[in-house]
Amino acid sequence: MQLWLIPLLPLAGFLINGIFGRKLPKSVINAVAVGSVVLSFLWVLKTLSGLGALDAAYTEHYFTWIQSGSFHVGCDFSVDRLTAVMLLVVTGVGSLIHLYSIGYMAHEGGYYRFFAYMNLFMFFMLTLVLAANYLVLFVGWEGVGLCSYLLIGFYFDKKFATDAGNKAFIVNRIGDFGFALAMFYIVKTFGSLDFATVFSHASGASQGVLTAIGLLLLLGACGKSAQLPLYVWLPDAMAGPTPVSALIHAATMVTAGVYMTARSWQIYTHAPAAMEAIAIIGILTAFFAATIGLAQNDIKKVFAYSTVSQLGYMFVGVGCGAFSAGIYHLVTHAFFKALLFLGSGSVIHALAGEQDMRHMGGMWKKIPWTFWTMMAAAIAISGIPPFSGFYSKDAILVAAHQHEPWMYWLGTITAGMTAFYVFRAMFMTFLGDYRGHEHPHESPGIMLAPLVILAALSVLGGILFKVPDFLAPLFPAMEEARDFSLVIISSSAGVIGIALAYVMYVLKPGMADSVASSFKGLYTLIYNKYFVDEIYDAAVVQPVINGSRTVLWKGIDVGVVDGMVNGAGSQARAIGSVLRLLQSGNIRSYATWTLFGAVVLIAAMGVVGGLR
Amino acid sequence: MNPLLLVLALPLAGFLIALLIPRSSPQGSRIWALVLSLATFVVSLALPVLFQRGIAGEQFLLDVPWIRSPEIRFHIAIDGLSLWLVVLSTFLTPLCVLISWRAVQNRAKEFYAFLLLLEFGLVGVFMAQDLFLFYVFWEVSLVPMYFLVGIWGHERRIYAAVKFFLYTMAGSVLMLTAIIYIYNRAGTFSYPELLDMLVGGKLMFSGKEQLLLFLAFFVAFAIKVPIFPLHTWLPDAHVEAPTAGSVMLASVMLKMGAYGILHFCLPLFPTASRACAPWIVTLAIIGIIYGALVAMVQPNMKKLVAYSSVSHLGFVVLGIFSFTQLGFDGAVYQMLNHGISTGALFVLVGILYERRHSLEIADYGGVATAAPWLSTAFLITTLASIGLPLLNNFVGEFLVLQGAALANYKWAIYAAIGVILSACYMLWLYQRVFFGEVTEEIRSHLPDLHPREWAVIVPLVVMMVWMGVYPQSFLPKVGQTTAHILEQTQVNVPFRVQVPSQVGQIQTPHAEAANAR
Amino acid sequence: MPVSLMPNTADILRLLPEIILTVMGTFLMVLDALLQRRNSKAFGNLSLLTLVAALAASVYAYTLAGPAFGGMLVVDGFATFFRVLVIITGILTVLPSYGFLARQNAETSEFHTLLLFSIAGQCLMVAANELIMVFIGLEISSIASYVLAGYLRDDKRANESSLKYFLLGSFATAFFLYGVALIYGSTGTISLTAIRGVLSGPSAPSPVFIGVAAALISVGLGFKVSAAPFQIWAPDVYQGAPSPVAAFLSAGPKAAAFAVFLRIFMTALGPVGGGWEPLVWMSAMASMVIGNFAALLQQNVKRMLAYSSIAHAGYVLVALTARSSIGTAAAMFYLAAYTFMNVGAFAVVSYLSGKGERYQNIEDFAGLGQKQPFTAAMLSIFLLSLIGVPLTGGFFGKFYIFKAALESHLVWLTVLGLLTTAAAAYYYLRLLVMMYMHEPGDAANYAEAPSLSMRFALVLPAIATLFLGIFPTWVLDFAGKSSTLLK
Amino acid sequence: MDVILFLVFAIIAVVCAINVVVQTHPISSAISLIGVMGSLAVLYLLLGAEFIAAAQVIVYAGAVMVLFIFVIMLLNAGEETRHGRSIMVQLLGVPLLIGLLGLLAYFVQRLFPRSDSVHFGGFTGGTALAIGRALFTTYLLQFEVTSILILIAIVGAIVLARKELD
Amino acid sequence: MTGVPISWFLTLSAVLFALGVAGFVFRRNIITVFMSIELMLNAVNLSFITFSYQLKQVDGHIFTFVVMVVAAAEAAVGLAIILTIFKNRATLNIDQIDSMKN
């Protein structure tokens, strides 16, 4: 079973397009880019079918990557059921989005560059999920970060784009900082980074240590999966082309944090405190992001915050011990959120780049395919049965209720808000009458096909793929307490949200503004995303930069250290100039000086010689 | 024929012959330098090939008497530590020749002559096994670099060159004192013999002796590394030096310091080194963070890279003084990585300078549009230097930090902050130089790489990837030596020196002389 | 009272170098009177010939080493070493003097006469084993050099330097004599070996007293070697004196005086070494500091070299402070290295300075590296050696001196010395900077290619400097062997 | 007797010496210097150094001082002028002199406490005969070499003082 | 019978020496300065003679003799130098001979 083929196919695609892309015709580029991903999807299918039940992890060792003394890290891949799920999602959704991109990027410059990066991303993402030890996982982890940096800054002549790219990379770095420290601690504790070794010995380690490791890993996850307080990069990341948002910032990369925490469940189950932290961060993020989502006008921003919020749900799942539920939501979310993004992409494409919903409206007639597919996704995310979102979100909320009722309630409210802002977006975009100046046109088939497929998945995904059952053997079982009241409450929250949106944006369009003006302060706060970016900038970025410039560089470096060095020089010269005074040129002075020397020496000799 | 001797002799011969080439034909000098440095490189490739695994000690030993009394021997050899540093030097020299091809027009003859002399000195430093010989090469490598900076540098070149010379001089005289002192105690300059005597107990240094000797050596090395706060010569030297000078300076010369610490200080003075470790590690960590922060606010590309070197070398020192196998391996590997990636950075900055004649970041922007391949190369190098996995620096930094964590977890925490910051300043630099709207003059003044530059860049990039993806082709040879050093530094009778107090109680010369006789 | 009969041939042969020098000196003088139209080159060639002959003679004299004239002189390795050294100094002074004297269109015959006499005096000094002999040698060398310093008698600076040198020299000599008188009075003899005997014997006078006498003596000798605190004359005199003479003054008398220094202090006063060590120690420290720091600000190269020669005197004194045969050997080696690099550097100055010695400032060396690469390269070798960069004699000399010092546990003197070396690098570097890193100025532009003799005057010391730096063994062994004779 | 002799001439010597220093006109200094030399000659005799005493009068007081006076006349050097000044001398001159004198005198006292005293005829080895023998046997070399010294003096004087030929 | 203590002679010589130094330091006329040196030499000579009286040796006398010769030689050269100085500067004031300094 050549697992290595799975990531290497996209890598090959990257190399080909990256190096020769500029010379190649589009058709070849498409063939290479999409082909490689599809091939690796097929290879995944073949592999999995070949591996059968996958009750135990299947590992392949290729070569020793790093060795120092007794410590060594291998370049190892391994597959278990969790990996299988991830592989399918990544390659599957990945292929669809690549397909879609052909249409979407058709008229963009740097075509080959785009696909090269996308392939590179696939390579790293697959490495991440296939990794059999933390270091290889970290390779993928950093790699996807790099690709997201490159793709966010794809329009590199736009400052906001490159800024967003830097922001993404650096914030992720802060997360990686935690991840790296976690690895160091793991090695310190277990002497190895192999999942097998670590997890098998996890129970042996002290709880404190495991908690520390858990929390550090969590920091990493927060960075990658845009959780509080490191979520700030994700909304800006929308500066990249929409397929990127769909693939990286909705479906796959941002879920890496969830995957990683779920992967490390043995550590967390022995570190309750860490798990609690995950759950709390998750639920807070979910709520917090949802509130921001309520007031955004940029369609992609809305979905961005919604992503943050949904990721929060997944964390809640993991944090409450319902790992499978978290992964389940990861999968369904991949479907409907990708769909939402691609759909909005299609809208933007139709409107030649317009993203502000206030200049949209009444699109459903003009681009029906887009409308209906997106509607499926919208319902799914609102958690209306039997759409896919319902199952996963429901599973999480149930687990949350078992764990901490207040989390359930907060989650439910969030669900309502989710439904509200998603449908607000839907209505503002598609219903009412058109407020823009462009002449919208439906997207080409190559873009619609993925939409349709994803729509189908968003609708049926929950029913078709019973992820929890599939993962059951992997994770510790949770007692199933199907309490229908909870289900009804949570899903009805969704209904209410939708209804509210319908009232405010379809029946009484003026109402939204009046509400906003009645809660002016709150609205501006939300509208400006709680000023978090401004606060970070004022509290962290500026002090560091100014401090470095004025205090460290100008102050210590130039001032103190060089000051001392040059000072020594000038001191020497000062001594010299004193000595020059002796050299008056006057013979009698010279004689006196000589005499002085003589007297001093004679006296000194007397004293030293013990004269008394 | 001992390959080491050949590697050492070729550049020297090249230097002497280069002096004979008439100054009327600069092209001749260029070609000669290129041919010769390439030949040296090819020969030096024999070293890793013939290098025997599993021998921790010196290999390719060549030991002939030089001066009878005091007995000084021409004693050269390499171990797993110096092996790659030698190869690194020989690898970079031809690239420096190429990169200076068009940049250096006036007095090309002297330039290439000095470049070859420099190679001779550097290679010698890493080979010398006789303390006196080591000092000789140490100083000899100083002179050509002084001229390279001073003659072919930029505006404030003279200040930089003199500062560089004096800084190093000040450090090395202390080292010389220590070397002589050791000789008077042990009666030999031969490094292996000294180690044997130390092991055999024939030579014992009292706590104070050991501490002072260690410091004497360490200061000399610390200035070269450089360790905060002895680093201020570096930015000036780097900024003013011509490209080739910066490359050799950053890639090889700084390593002389770290190499010296690892190869001489630790085995000779294990107790003192361990006792001082906390202080030194503190300085190293300050250097890491400080260098990064200062780099972040530099308006000048070369200065930025220079300060980034301060930060990177901090990792090396941290690794060394973590006294762990991982730390040592990481430190050594990090030396090589820094040699490659920072060398590449200077090369690329040099290429930009050749086109735009400015080092100010503000004068650039949108280069990516004008010169995509140049930007790609720069991007890869940037990613390497911020330690992205699958590129070389990652391996080194990981090992170093892991080693530090094993020694004292707090160190790892502080040092790892540097990793975050490195991303900040490098990406910011990259954004400001290569991204953004492209101006017309940039578009017109910045052609993409041409073949000669390709020839310089490609090897470097290949090395970055190779060292990042398959470090096993380098690490094992290093490991066997570092393991040996580690066991040499196992101190079974640890004594705690309070450094300040010890240094405080220094005897007056009279007292010294008195109780001597 | 030892009564020796008329001197035998061996005595004469041991005195051969001095005889050759004086006879030829006189001959030159007479020749000058006899010749109608004088050919200035001829005298130079003759004195070169003489010096070479004297060199051979002193080597030959070494083959029948031993005391001469009833122990007034002693021809041993030590004496031979310094005889050779001062004679070589003479050669290296004559070589650049051709062009120089021609440029200043000055008489050549007396110049060479005086030079030869002065060297003869120095040869006597280094071989002298008895204080009267020392004194006479000292005076012969001094009086000749007083005149040489003022040789360009229409040059105000030359007069002044000559006067200063003369007055202060005599002043210092008086102190020297007073010290000698006290030694004589307290030990009852003026033969160095006899003094050693007395001092190591039972009836030795109080070391305090010897210390004071030593102090007085060191006034005179310290003056001749320009060691602090008796260095003050050197900058003015070197600046004013004609460059070749300055070169000669900075090497010949210095070496000879150090030889005497070593003989008196190591041989005669050896037994009471502890008494005079602080004296030398202080003087060494002061010289290193004053010399190096004052040199930092000099604009005039000759003055700068003067200060540097003060500093180097300090280093040699460090070796003397070690009070061991190693130290003596180190001092001897260092003086050899110093002679070559310093005389070489002065040769470049006299080459560049031009008519009336216009170009003496550091700025005048600007761009020499481009205009006269050969000369600049040679000067660079000398400067690097003066800085103390390895593979040059200067470095190995310092290394050997500080090795000796450390063996005598003079740790802090060593550290101070080496640190001043580092500081000293600065002012030598200024010259390198000027030569290579600035655009050519008048001096460099107008400097004509060095003549053959000048080339020799540069190449020989350069080769010697490198030789001493790379293959010091031979000289070291000789110095080591002969240094033990002083005990 | 000896004591009186000594004291008389010692005082003359010192007074003349002081006069050498205080007189501002070189001639008077020269004259008083001759006085010093003369009185020293007497003390030499007291110490049994006949020959030296003679030489002192002939060579020193005679030849050398005449030379001095000759030059003074030649350059008709008058009262010395008072340009320029030396701070160093003004500050350190006197104290240093006192220091020097004090130290020298003190050491001399400490060195020869044994009071073997001088009286005329206590040593008669200083005759011309004795000196001559010493000079031509033991110190032959020195004697010969002094001739070079004189030679140099001549050459030097010529070099410096002769008229330009051109 | 009472003789003159040796130390008196020596003290006298010390005094004369010091006076010579004083003359060198305080007088401005070059010639006088030069004479002061002669005075110092005489002082030294006195010590030599005294010592050789005490030691009953002739060496001191020889030394004195040599010193005299040297003094004569120095006088010749020195006065020649003074002549050239006077020729070039038309002054004998030692304080004006300070063109080279620092």
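Chain letters run A, B, ... following the sequence lines, proteins first, then strands; residues in each count from 1. Excluded from the calculations below are hydrogen atoms, water molecules and symmetry mates; all remaining heavy atoms, backbone and side chain alike, are included.
Interface residue B:A416: backbone and side-chain heavy atoms are both found under 4.5 Å from chain A. In this structure, chain B has heavy atoms under 4.5 Å from both the backbone and the side chain of A:Y185. With a 4.5 Å cut-off on non-hydrogen atoms, A:N172 does not touch chain B at all. Of the two parts of A:L216, only the side chain, counted from C-beta on, holds a non-hydrogen atom closer than 4.5 Å to a non-hydrogen atom of chain B. Only the side chain of A:L150 comes within less than 4.5 Å of a heavy atom of chain B; its backbone N, CA, C and O stay farther away.
Ring geometry for A:F156 versus B:F435: interplanar angle under 30°, hence parallel rather than tilted (30 to 60°).
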* Asked: Under the side chain to side chain contact (heavy atoms under 4.5 Å, CB included) criterion, do B:I386 and A:F169 qualify, and how do the steps go?
  -> CA-CA 11 Å; B:I386 67 180; A:F169 196 94; 3.9 Å; yes
* With side chain to side chain contact (heavy atoms under 4.5 Å, CB included) as the test, would you mind laying out the steps for B:W428 and A:I170 before giving the verdict? => CA-CA 10 Å; B:W428 195 26; A:I170 289 162; over 6 Å; no
* After noting the C-alpha distance and the side-chain angles of B:V294 and A:R549, does the key distance pass the side chain to side chain contact (heavy atoms under 4.5 Å, CB included) rule? -> CA-CA 7 Å; B:V294 177; A:R549 181 176 290 115; over 6 Å; no
* To do: Under the side chain to side chain contact (heavy atoms under 4.5 Å, CB included) rule, what do B:F394 and A:L135 come out as? Steps first, then yes or no, please.
  => CA-CA 11 Å; B:F394 172 74; A:L135 203 61; 3.8 Å; yes
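Minimum interatomic distance between B:L388 and A:R173 (heavy atoms only, all atoms of both residues): N-NH2, 4.3 Å. The two atoms that bring A:T64 and B:Y470 nearest to each other are O-CE1, 4.1 Å, heavy atoms only. Considering every non-hydrogen atom in both A:F177 and B:I417, the closest pair reads CE1-N, 3.7 Å. Minimum interatomic distance between B:Y167 and A:V565 (heavy atoms only, all atoms of both residues): OH-CG2, 3.2 Å. Closest approach of A:W553 to B:V297, counting heavy atoms only: CZ3-O, 3.8 Å.
Per-residue heavy-atom pair counts under 4.5 Å with chain B were compared for A:M183, A:R22, A:M564, and the maximum is reached by A:R22. Residue with the most contacts toward chain B among A:I174, A:V139, A:V73, A:V560: A:V139 (heavy-atom pairs, distance under 4.5 Å).
Of residues 471-479 of chain B, those residues with a non-hydrogen atom less than 4.5 Å from any non-hydrogen atom of chain A are, in numerical order, B:P471, B:Q472, B:L475. Contact residues of residues 371-382 of chain B toward chain A are B:P372, B:W373, B:L379 (heavy-atom distance under 4.5 Å). Residues of residues 323-333 of chain B lying within less than 4.5 angstrom of chain A, judged on heavy atoms, are B:Q325, B:L326, B:D329 in numerical order.
B:L293 places none of its side-chain heavy atoms less than 4.5 Å from the side chain of A:I545. No side-chain heavy atom of A:L552 sits less than 4.5 Å from a side-chain heavy atom of B:Y307. A:D557 has its side chain within reach of B:H231: a pair of non-hydrogen atoms, C-beta onward, lies under 4.5 Å apart. Put simply, the side chain of B:L383 does not reach to within 4.5 Å of the side chain of A:Y149, judged on heavy atoms.
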Exercise answer: donor-acceptor pairs, residues 397-411 of chain B side-chain atoms, under 3.5 Å, sequence neighbours excluded:
{"unit_1": "B:Q402", "atom_1": "NE2", "unit_2": "A:F184", "atom_2": "O", "d": "3.3"}
{"unit_1": "B:N408", "atom_1": "OD1", "unit_2": "B:K410", "atom_2": "N", "d": "3.0"}
{"unit_1": "B:Y409", "atom_1": "OH", "unit_2": "A:L181", "atom_2": "O", "d": "2.8"}

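Using a 3.5 Å distance cut-off with no hydrogens or angles, the side chains of B:Y430 and A:N166 do not pair a donor with an acceptor.
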